[in-house]
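From a predicted model like this one, the values you see are computed outputs, not experimental measurements.
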Amino acid sequence: MRKFFRFAMGMVRIFLCGLLLVVAIIAALEAVFILIDIAPPIPLFVDNPFSDTPAYAINPGYYQQFMYRLGGVPTVDDFEMWGFSIPKTKEPGTCRIIVLGGSAAFGHPTPAYGFHEILKVMLKNAAPELNIELYNLACPILNAYVMREVAEVSKAISPDLFIVYMGNNEYDGPFGPAWHSNTFWANCVQQPFLRFSRNLRSIRFAKQIGRRIGINPWKNVDSEAYFNTILPVAQSTRSRNAMQARFESHITGICTIAYKAGAQVVLSSVATNLEDWPPFVSCNDPALSPQALTEWACSYQLGQRFEQSGDIHKALDAYAAAEKMDSKHAGLQFRLGKCRLALGEITNARKAFETARDYDCYPFRADSFLNKAIRRVADRHAAQGVHFADAETCLNECDSNGISGNGLFYDNVHLLFPGNYAVAACLFGSVAAALRGAGYDFPTEESPLTSEECKERLGLCAQEYHRHYQHALGHLKYQTGVAAFQSALKDHDTGWLENEVSLLLEKASAAPGNARSSLEKAIHQYPDNCHLCQSLIRYLVQEGDTQTALIQAGEMATSFKERLDVQLLYARVLESSGDIQKSNALLTRLNALIHWDLF
């Protein structure tokens with residue numbers, strides 16, 4: 001026994017010595033790499049050579065470093081997402097606002113009509129004398145872990161206000177529980193180490209060298225493979241609890257960063273599609289005995305049969321019997337919500353839909369636990385300039401049933417224009433209070449513009465409105481076709497949106513003038529609207545009027561020369577017109593702004 005103990009202790013000493021040696025080597029490498037500046041952090045802001053005055057451009061490579069599971073590398077096409085330019089010097093009296101979040105905050109699928117753009121026209125209308133700069137640094141797929149880093153880096157551009165609308169990507173974003181097992185080792189050892197190692201220059205150097213010599217396990221990953229590898233995570237498990245705790249920690253960190261930078265914060269709850277989006281994965285309570293599980297399944301299937309036959313009262317009775325045995329099955333709660341809504345029990349229906357969302361084991365939607373965390377953080381930091389906006393409640397109130405669903409959303413979390421308008425209108429009051437808190441003379445009695453007024457100022461003519469819905473329909477059809485989601489979405493209704501697109505096409509066809517004349521009229525009224533000018537050029541290319549498109553794009557590349565999305569569009573139009581040499585030269589200049597690799 002004594003020999004075994006000495007052997008075990010010897011092995012422990014060898015292990016600890018080896019571990020210390022590895023730590024010492026990494027520390028020495030870090031010191032050398034920092035000294036000679038090898039493998040520095042990938043920057044979010046890079047110098048913008050297209051601007052006449054010192055300005056920053058957004059580096060798509062910064063966001064790409066977190067998207068390794070989707071494969072691919074950043075390209076110049078990413079400047080369509082972040083094409084704006086940020087002056088390095090903020091002029092006196094300028095109010096600088098930054099939006100943080102995921103794809104819903106980004107404005108997917110049509111950012112030109114996202115809530116940030118609607119909010120901007122609302123604010124400028126309410127305070128026309130105030131120079132408002134609003135920069136959307138949100139990014140699809142990414143979560144609070146990344147946005148906390150973005151907030152920290154954004155101190156360099158002297159923000160006055162952060163608007164935070166996020167919570168949908170905590171599950172499958174970087175270091176989310178979709179990618180690791182529900183064990184102590186994964187949650188308390190592996191994941192903290194991975195988060196720590198990401199900041200080591202030596203690890204970054206090794207990864208980039210590996211990518212150069214072809215060692216990249218994610219190189220050929222597509223979106224289908226991405227969704228096929230995610231793991232279900234039930235509510236109240238170690239992984240889900242850790243995710244919720246990290247989320248609260250990250251938004252608290254954003255508030256602390258803002259306070260130290262002298263900026264205000266608006267934290268918003270996150271609205272989701274409750275009424276018309278089923279849970280992706282439903283799990284029974286693991287504590288159910290086999291006999292109880294069989295009885296539960298019989299009651300659930302009986303309820304389904306009654307519901308399909310139209311006998312809602314009997315269906316509700318059967319579902320209620322199943323609920324007594326297991327109330328945590330998301331699919332059951334969704335069916336309960338549908339039945340109660342059919343009977344006019346709005347409050348009970350909403351509660352059931354919320355429970356269905358909260359117990360979805362693919363939690364792509366921000367749940368009640370995350371929204372409560374947002375409110376808690378806002379309450380705790382109210383004295384430090386943190387304001388709360390309740391978008392979740394506002395969107396429920398906007399729906400005719402009092403439960404947010406299709407029409408505001410086109411899928412589980414992404415908003416159509418009516419939903420984006422509702423979020424912007426909800427944010428308006430909190431943002432106005434935050435700007436006054438930041439020392440700006442913002443009117444106290446101004447109300448937001450109406451939906452129709454915002455459409456007009458954004459140039460959202462009938463043709464553009466149709467295009468916006470058409471993009472949404474394309475994304476919805478893609479999502480319902482993903483193999484990993486077929487158990488939940490194989491029979492999902494997309495017909496309502498197809499009908500909307502058809503109706504909008506009829507309106508666009510019947511509208512006075514064509515898309516070109518409508519856009520030209522809007523540009524004449526709002527000549528500084530860059531998105532309108534870009535839309536017109538795209539329509540000209542579609543019509544085959546390449547020559548006029550080239551002239552317009554050239555003029556725009558002069559008027560908005562600091563915008564990289566404008567320069568990219570000009571390069572594409574040059575390519576369409578046959579001027580390959582000039583197009584390639586411009587694309588080369590744009591490509592030089594992407595900082596991603598060492599070489």
Side-chain angles (χ1 to χ4, degrees), residues 40 42-65 73-91 94 96-99 106-107 111-112 114 116-117 120 131-139 150 153-154 156-159 523 526-538 540-541 546 548-597:
I42 298 172
L44 173 61
F45 303 118
V46 294
D47 289 337
N48 184 354
F50 292 93
S51 176
D52 290 332
T53 57
Y56 291 116
I58 301 300
N59 170 31
Y62 175 85
Y63 293 112
Q64 186 65 44
Q65 68 181 309
V73 296
T75 69
V76 292
D77 289 330
D78 293 326
F79 288 123
E80 289 184 2
M81 301 172 69
W82 303 282
F84 49 81
S85 177
I86 306 174
K88 289 186 178 181
T89 302
K90 189 172 76 171
E91 295 297 327
T94 296
R96 191 164 278 182
I97 302 172
I98 293 174
V99 176
F106 178 74
H116 61 288
E117 292 291 345
K120 184 160 59 174
N131 183 25
I132 295 174
E133 296 177 359
L134 191 151
Y135 301 110
N136 192 348
L137 299 182
C139 180
V150 172
V153 174
S154 296
I157 60 173
S158 306
I523 290 169
Y526 305 106
D528 293 331
N529 190 319
C530 180
H531 297 304
L532 283 175
C533 299
Q534 292 184 70
S535 294
L536 175 60
I537 292 167
R538 292 191 182 99
L540 290 171
V541 172
T546 308
T548 306
L550 183 60
I551 294 170
Q552 296 266 17
E555 291 175 354
M556 194 178 177
T558 302
S559 302
F560 299 96
K561 66 181 300 183
E562 73 283 354
R563 290 193 62 108
L564 306 190
D565 53 349
V566 171
Q567 298 298 335
L568 175 63
L569 180 59
Y570 184 36
R572 297 306 185 202
V573 176
L574 283 167
E575 184 179 12
S576 298
S577 69
D579 195 342
I580 305 300
Q581 184 176 359
K582 193 171 181 180
S583 173
N584 286 342
L586 190 49
L587 291 173
T588 299
R589 290 185 67 193
L590 288 168
N591 195 60
L593 299 179
I594 300 175
H595 294 245
W596 158 250
D597 235 332

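- How far CD1 of Ile551 is from OG1 of Thr546: 11.0 Å, rounded to the nearest 0.5 Å.
- Between Ile98 and Ile157 the shortest side-chain heavy-atom distance falls below 4.5 Å.
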Begin from the C-alpha positions of Arg572 and Asp77 and carry the test side chain to side chain contact (heavy atoms under 4.5 Å, CB included) through to its verdict. CA-CA 10 Å; Arg572 297 306 185 202; Asp77 289 330; 2.6 Å; yes
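- Atom NE2 of His116 is separated from atom CG of Asn136 by 4.5 Å, given to the nearest 0.5 angstrom.
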Determine whether Ile58 and Ile86 satisfy the following criterion, side chain to side chain contact (heavy atoms under 4.5 Å, CB included), listing intermediate values before the conclusion. CA-CA 9 Å; Ile58 301 300; Ile86 306 174; 4.2 Å; yes
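- Classified by interplanar angle (parallel below 30°, tilted 30° to 60°, perpendicular above 60°), the ring pair Phe45/Tyr56 is tilted.
- Atoms CG and CG, from Leu564 and Leu593 in turn, are 6.0 Å apart once rounded to the nearest 0.5 Å.
- Counting only heavy atoms from C-beta outward, the side chains of Lys88 and Asp47 approach each other to under 4.5 Å.
- Side-chain contact between Pro54 and Thr89: absent, with no pair of heavy atoms (C-beta onward) separated by less than 4.5 Å.
- Smallest separation of non-hydrogen atoms from Ile594 and Gly61: CG2-N, 4.2 Å.
- Note that the CG atom of Leu550 and the CD atom of Glu555 stand 10.0 Å from one another [nearest 0.5 Å].
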Applying side chain to side chain contact (heavy atoms under 4.5 Å, CB included) to Glu133 and Ile97, what does each step give before you reach the verdict? CA-CA 6 Å; Glu133 296 177 359; Ile97 302 172; over 6 Å; no
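- In terms of modelled atom types and a separation under 3.5 Å, the side chain of Trp82 and the main chain of Ala57 share no donor-acceptor contact.
- Closest heavy-atom contact between Pro74 and Gln64: CD-CG, 3.3 Å.
- Taking each heavy atom of Ser85 and Tyr135 in turn, the nearest pair found is O-CE2, 3.6 Å.
- When side chains are defined from C-beta on, Tyr63 counts as touching Leu137, because their heavy atoms get closer than 4.5 Å.
- The two residues Phe560 and Pro527 have their closest heavy-atom pair at CZ-O, 4.0 Å.
- For the pair Asn59 (side chain) and His595 (backbone), a donor-acceptor distance under 3.5 Å is present.
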Step-by-step side chain to side chain donor-acceptor pair (under 3.5 Å) determination, Glu91 to Asn131: CA-CA 9 Å; Glu91 295 297 327; Asn131 183 25; over 6 Å; no
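- A donor-acceptor pair under 3.5 Å is absent between the side-chain atoms of Ser583 and the main chain of Asp579, judged by distance alone.
- The CZ atom of Phe50 sits 5.0 Å away from the CG atom of Leu586 when rounded to the nearest 0.5 Å.
- Residues Pro87 and Arg96 meet the side-chain proximity criterion, which asks for heavy atoms closer than 4.5 Å.
- Considering CD of Gln552 and CZ of Arg538, their distance stands at 13.5 Å, rounded to 0.5 Å.
- Side-chain atoms of Gln567 come within 3.5 Å of backbone atoms of Lys561 as a donor-acceptor pair (strictly under, hydrogens ignored).
- Contact record, Asp565 with Gln534: OD2-NE2, 3.2 Å, taken as the closest heavy-atom pair.
- Partners of Lys582 under the salt bridge (charged side-chain N to carboxylate O under 4.0 Å, His left out) rule, at least two apart in sequence or in another chain, do not exist in this structure.
- Nearest heavy atoms, Leu587 versus Ala571: CD2-CB, 3.7 Å.
- When atom types are taken as modelled, the side chain of Asn48 and the backbone of Glu562 share a donor-acceptor pair closer than 3.5 angstrom.
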